[in-house]
Every structure is written in structure tokens, then in C-alpha cells.
Amino acid sequence: MVPPVVVSPLIKTTRWSALLLGMIYGRQRFNYLKPIAEEERRIEEAEKAAREEQERIYKQLSEANADTILK
């Protein structure tokens, strides 16, 4: 078996620095996008409620029109 290669301390430091910078960037990006996503979810919930109300009204009107003796 081949003995492991000794990695330069500069390369090790660079790799760990890149990892930590990536984690910091990810956290900042998450904190930036989180309120935007919450607002989009809130708007979607309001639109869903309005859409369900319209569908309920449409269904009631359809059933009311279907129950006539003029068929």
C-alpha cells in the first residue's frame, strides 16, 4: 500500500477557510431569503383562501341552478 501524501499547511488552511466562508455565506443568504419566503407563503395562503371561497360559491350556485324543475 502507498503511504499517504503529506498535504501542505497552506492547502489545508485554504480548504478550511473556503469551508468556513461557505458556511458564513450560506447563513447570510438564508437570513436574507427567509423573510421573503415567509411573505410569499403568507400571500399564497391568502390567495388560496380566496380561491377556495370562490370555488365554494361557484359550487353552491351550480347546485342551486341544477335543482330546477325546468330540466
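Note that the structure is a prediction, hence the values are computed from the model and not measured.
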Residues 12-21, side-chain donor-acceptor partners within the protein, below 3.5 Å, at least two apart:
| residue | atom | partner | partner atom | Å |
| --- | --- | --- | --- | --- |
| Thr13 | OG1 | Pro9 | O | 2.8 |
| Thr14 | OG1 | Leu10 | O | 2.7 |
| Ser17 | OG | Thr13 | O | 2.8 |

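- Applying the side chain to side chain donor-acceptor pair (under 3.5 Å) test to residues at least two apart or on different chains, the pairs with a partner in residues 21-42 are Glu39-Arg42.
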Extract all donor-acceptor atom pairs below 3.5 Å that involve side chains of residues 46-61 and protein atoms in other chains or at least two apart in sequence.
| residue | atom | partner | partner atom | Å |
| --- | --- | --- | --- | --- |
| Glu53 | OE1 | Arg56 | NE | 3.4 |
| Glu53 | OE1 | Arg56 | NH2 | 3.4 |
| Glu53 | OE2 | Arg56 | NH2 | 2.4 |
| Arg56 | NH1 | Gln60 | OE1 | 3.4 |

